[in-house]
Amino acid sequence: LNRKLSMAWEQWQQVCAEMREQREALLLAARKFLNQKMYAAWNMWRSWAEEMRRQQKAMGGAIRRMIYRKLSMAFEKWQFEAAELARQQRLMGGAVRRMIYRKLSMGWEKWQAVYQDQKFAARMG
């Protein structure tokens, strides 16, 4: 009886060891499979993220150029308008000054004419 019990015990231990080895082999295979899928998914995500980053950079450059182009166009228009306004003010300033100081100018011109006449008269005689 002891011998049969001992043999049964040893057989049970052997079956348990085989089952443990099979379980560990299955777990290792499952881990490899899962890791392989996870690694593939990780690589796919990295590729996608890199592509998104590249597209954002490309779009950012295009948008920046478009914004700067419009900003530059607006600045150039402002420069043109400011120069035109300054030119008009300069022209109008002269005309307005001449109108305002017309009588003063007429007096000055009259004084110069009288002076020239007196200078001429003094030379003659």
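FYI, side chains are in, hydrogens and waters are out, and symmetry mates aren't considered; it's all heavy atoms of this structure.
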Atom [atom1] of [X] and atom [atom2] of [Y]: how far apart are they, to the nearest 0.5 Å?
| X | Y | atom1 | atom2 | result |
| --- | --- | --- | --- | --- |
| M44 | Y39 | CE | OH | 13.5 Å |
| L26 | R31 | CG | CZ | 11.0 Å |
| M7 | N2 | CE | CG | 13.0 Å |
| M52 | M59 | CE | CE | 11.5 Å |
| E21 | L28 | CD | CG | 13.0 Å |
| N35 | K32 | CG | NZ | 10.0 Å |

What pairs with R102 under side chain to side chain donor-acceptor pair (under 3.5 Å), at least two apart in sequence or on another chain?
->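 So R102 forms no side chain to side chain donor-acceptor pair (under 3.5 Å) with any residue.
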Tell me, do K77 and M73 make a side-chain contact under 4.5 Å, heavy atoms counted?
->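 Sidechains of M73 and K77: no contact.
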Would you please test Q55 and E51 for side-chain hydrogen bond (donor to acceptor under 3.5 Å, both in side chains) and show each step?
-> CA-CA 6 Å; Q55 286 180 10; E51 177 62 17; 2.9 Å; yes
Basic-acidic side-chain contact under 4.0 Å: R54, E50 |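 No.
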Under 3.5 Å, is there a donor-acceptor pair linking the side chains of E18 and Q22?
->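 No, Q22 and E18 have no side-chain donor paired with an acceptor closer than 3.5 Å.
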Return all side-chain donor-acceptor pairs below 3.5 angstrom for residues 104-117, not counting sequence neighbours, or 'none' if the list is empty.
none

Is it true that atom CD of Q36 has more than 12 heavy atoms of other residues, nucleotides or ligands lying nearer than 6.0 Å?
->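 For Q36, atom CD is not crowded (no more than 12 foreign heavy atoms under 6.0 Å).
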